[in-house]
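Below is one structure, written out as structure tokens; comments come after it.
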Amino acid sequence: MQRIIFHVDVNNAFLSWTAVHMLEKGEKLDIRKIPSIIGGNEEDRHGIVLAKSPIAKRMGIKTATTIYEARKICKNLKVYPPEYDFYRKESDIMYEYLCQYTPVIERYSIDECFMDLTGTNYLYKDYLKLAYKIKDDIKNNFGFTVNVGIGENKLCAKMASDMEGPDMVHTLYKNEIECKMWHLPIENLFMVGKSTSSKLRSIGINTIGDLAVASPNRLEKYFKNNTMFLINSANGIDDSPVGRRKSKTESISISETLKYDVSDFDELKKVLFRQTEELARNLRDIHKYATGVCVMYKNSSFKSYSHGEKLNVPKNNSIELYKDVIRIFKNSFKGELIRNIGVRFYDLTSVRQVQINLFNDNKEEKESDVDLIVDDINKKFGSVSILPASLKLIGKSERHKKTK
DNA sequence: TCTGGGGTCCTAGGACCC
DNA sequence: TCTGGGGTCCTAGGACCC
């Protein structure tokens, strides 16, 4: 049976959503129509471009470059801060709206969904019409625009929605791959990033079409097991299912760029404590336990490190996890200046195993109970209501706000 | 004034066991 | 004391996505 997959992608999501929010609050200016970006706080060294308006894009401003660079390109650029809580709400609204069309839906990111409409032709006679309806409904009801891509698999649907925008519907069926996709530069292919594209270009493969007809033998040397994946992608071949992405290494993490580089162990410990506490609370919220703990950090030259350990017993107790985090960090930390630091809990499980310890007097049980009570209080009165007295924050005086 | 934050997946190499 | 090879698990690092 022919599969029918839609990919719905919010145009310049963060910027569009901020524009909607501003208009709702009575602002006259629509920032989608001027050279503007959403960017992090430069003083806190979070100063990169998170989203750009179409005009800013045409001027050559790219996502993830520094705001400083963006300003060099456009002198009168307007910069607005992100509003993640609002974005999450808008994302939920769109997701709920889309759910009415199919139960097989995957939230790929905060601003993208895949929908599997295979076998629904008795409901929807014309998929192109349906795509236009979805696009127009979202625009008229929620105030932001989307691109809808239609294809016979996720890859093609995604490549289709990446074509011209905003507020457009594109198809990329099998018989369109050659004429619509092959002329595109290799960087445009989904899952081809900087490293892969520079390798490909170095051997004379410059377009998706070049890759599509390349000999696997020739590429094997450079891309090993990834070779056929790349060639298949260039040919629009992909059989991955729409649905929740499953993986055995499911993980949650938190990290932050410090306001200034820090080499003092005690100061870094405080950051790690705050992060561990917050992440452990997230674990408890989703009723999971971590089987692996990892500390990752970047030094002032941006070299990154990650050090982790599998635990004997899955945990979600803040203090217990903090002990693991500090032990791991202590063993690897060489006293360098640290720019960015974070914690990851991985191999999450729903099953709790309590280690039998005759001499422990249920200490862990008691600590878990305390965690739950503290979580409860923090939920009621704000997330900083209860924190350990030792926790003096470095950098800004306010607590780093979790943004996503 | 260079370079955010949250994810997933893959791989090389080492440890360990049989 | 010297030693193969296969399998599995773990760790560190990197690539890619948004």
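Bear in mind the structure is a predicted one, so any value in this text is a computation, not a measurement. For the numbers below, each heavy atom of this structure counts, side chains included, while hydrogens, waters and symmetry mates do not. Below, chains carry the letters A, B, ... as their sequence lines are ordered, and counting in each starts from 1.
At whole-Å resolution of the value, CD in A:Glu42 and P in B:dT1 are 11 Å apart. The CD atom of A:Glu43 sits 16 Å away from the P atom of B:dG4 (whole-angstrom rounding). What separates CG of A:Asp162 from C1' of C:dC17 is a distance of 12 Å, to the nearest Å. Separating the CZ atom of A:Phe14 from the C1' atom of B:dG6 is a distance of 11 Å, rounded to the nearest angstrom.
Shown are A:Arg344, A:Lys330, A:Lys315; of these, the salt bridge (charged side-chain N to carboxylate O under 4.0 Å, His left out) with A:Asp324 is made only by A:Lys315. Exactly one residue among A:Ile4, A:Val104, A:Val8 makes a side-chain contact (heavy atoms from CB on, under 4.5 Å) with A:Met115. That residue is A:Val8.
Each of B:dG5, B:dT1, B:dG4 was ranked by its minimum atom distance to the side chain of A:Glu256; first place goes to B:dG5. Set against B:dG4, C:dC18, B:dG6, the side chain of A:Thr257 has B:dG4 as its closest nucleotide. When each of C:dC18, B:dG4, B:dG6 is scored by its nearest atom to the side-chain atoms of A:Ile254, the top-ranked nucleotide is B:dG6. For A:Ser109, the side-chain atoms get nearest to C:dC18 when compared with the rest of C:dC18, B:dT1, C:dC16.
For B:dG4, the OP1/OP2 oxygens have no side-chain nitrogen or oxygen of A:Asn340 closer than 4.0 Å. Contact annotation: A:Arg339 reaches the phosphate of B:dT3 (side-chain N/O to OP1 or OP2, under 4.0 Å). The phosphate of C:dA15 has neither OP1 nor OP2 within less than 4.0 Å of any side-chain N or O from A:Thr196. Remark: A:Lys158 is not in phosphate contact with C:dC17, judged by side-chain N or O atoms under 4.0 Å from OP1 or OP2. A sub-4.0 Å separation between OP1 or OP2 of B:dG6 and a side-chain N or O of A:Ser255 is present.
Contacts of A:Ile252 with the nucleic acid, taken as non-hydrogen atoms under 4.0 Å apart, involve only primed sugar atoms and P, OP1 or OP2. Among the protein residues, A:Ala64 comes within range of the nucleic acid bases, having at least one heavy atom under 4.0 Å from a base atom. Among the atoms of the strands shown, only primed sugar atoms or phosphate atoms (P, OP1, OP2) are found under 4.0 Å from some heavy atom of A:Gly193. In this structure, A:Arg344 reaches the bases: a heavy-atom distance under 4.0 Å links it to at least one base atom across the strands shown. Here A:Glu112 lies in heavy-atom contact (under 4.0 Å) with sugar-phosphate atoms only.
Residues in residues 90-101 of chain A take part in these side chain to side chain donor-acceptor pair (under 3.5 Å) pairs, two or more places apart or across chains: A:Ser91-A:Arg107, A:Asp92-A:Arg107, A:Tyr97-A:Tyr101, A:Tyr97-A:Asp137. Among residues at least two apart or in separate chains, side chain to side chain donor-acceptor pair (under 3.5 Å) pairs with a member in residues 209-219 of chain A are A:Thr207-A:Asp210.
In this structure A:Phe333 satisfies the ring-ring contact (aromatic ring centres under 6.0 Å, His included) test together with A:Phe329, sequence neighbours excluded. In terms of the salt bridge (charged side-chain N to carboxylate O under 4.0 Å, His left out) criterion, A:Lys62 has no residue partners (sequence neighbours excluded). In this structure A:Glu336 satisfies the salt bridge (charged side-chain N to carboxylate O under 4.0 Å, His left out) test with no other residue, sequence neighbours excluded. Annotation: side chain to side chain donor-acceptor pair (under 3.5 Å) contacts of A:Tyr127 (sequence neighbours excluded): A:Thr120. In this structure, the salt bridge (charged side-chain N to carboxylate O under 4.0 Å, His left out) partners of A:Arg71, at least two apart in sequence or on a different chain, are A:Glu42.
Side-chain atoms of A:Asn153 never come within 3.5 Å of backbone atoms of A:Ser240 as a donor-acceptor pair (strictly under, hydrogens ignored).
No cation-pi contact links A:Lys199 to A:Tyr222, judged by a cut-off of 6.0 Å to the six-membered ring centre and 45° from its axis.
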- Before giving the answer on side chain to side chain donor-acceptor pair (under 3.5 Å), spell out for A:Ser53 and A:Lys78 the whole-Å C-alpha distance, their side-chain angles and the decisive distance to 0.1 Å. CA-CA 10 Å; A:Ser53 68; A:Lys78 295 280 182 201; over 6 Å; no
- Trace of the side chain to side chain donor-acceptor pair (under 3.5 Å) decision for A:Asn11 with A:Ser16: CA-CA 7 Å; A:Asn11 302 126; A:Ser16 300; over 6 Å; no
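Stems are defined here as 3 or more consecutive Watson-Crick or G-U wobble pairs with pairing distances under 3.5 Å; those involving DNA chain C are B:5-18 with C:5-18.
Each of A:Phe302 and A:Arg71 has a nearest nucleotide on DNA chain B; the 5'-most of these lies closest to A:Arg71.
For B:dC16 and C:dT3, the C1' atoms lie 16 Å apart once the distance is rounded to whole Å.
By the criterion of a centre-to-centre distance under 5.5 Å and near-parallel planes under 30°, the ring of A:Phe190 forms no stack with the base of C:dC17.
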Donor-acceptor pairs under 3.5 angstrom involving side-chain atoms of residues 18-31 of chain A: please list them, not counting sequence neighbours.
{"unit_1": "A:Thr18", "atom_1": "OG1", "unit_2": "A:Phe14", "atom_2": "O", "d": "3.1"}
{"unit_1": "A:Thr18", "atom_1": "OG1", "unit_2": "A:Glu83", "atom_2": "OE1", "d": "3.3"}
{"unit_1": "A:Thr18", "atom_1": "OG1", "unit_2": "A:Tyr87", "atom_2": "OH", "d": "2.6"}
{"unit_1": "A:His21", "atom_1": "ND1", "unit_2": "A:Glu83", "atom_2": "OE2", "d": "2.9"}
{"unit_1": "A:Glu27", "atom_1": "OE2", "unit_2": "A:Leu29", "atom_2": "N", "d": "3.1"}
{"unit_1": "A:Asp30", "atom_1": "OD1", "unit_2": "A:Arg32", "atom_2": "N", "d": "3.0"}
{"unit_1": "A:Asp30", "atom_1": "OD1", "unit_2": "A:Arg32", "atom_2": "NE", "d": "3.0"}
{"unit_1": "A:Asp30", "atom_1": "OD2", "unit_2": "A:Arg32", "atom_2": "NE", "d": "3.4"}
{"unit_1": "A:Asp30", "atom_1": "OD2", "unit_2": "A:Arg32", "atom_2": "NH2", "d": "3.2"}

- Protein proximity profile, nucleotides 8-14 of chain C - base contact B, sugar-phosphate-only contact S, no contact -, cut-off 4.0 Å on heavy atoms: --SSSB-
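For DNA chain C, none of the residues of residues 75-83 of chain A falls under the heavy-atom distance limit of 4.0 Å. Interface residues of residues 205-216 of chain A facing DNA chain C, ordered by number: none; criterion, heavy-atom separation under 4.0 Å.
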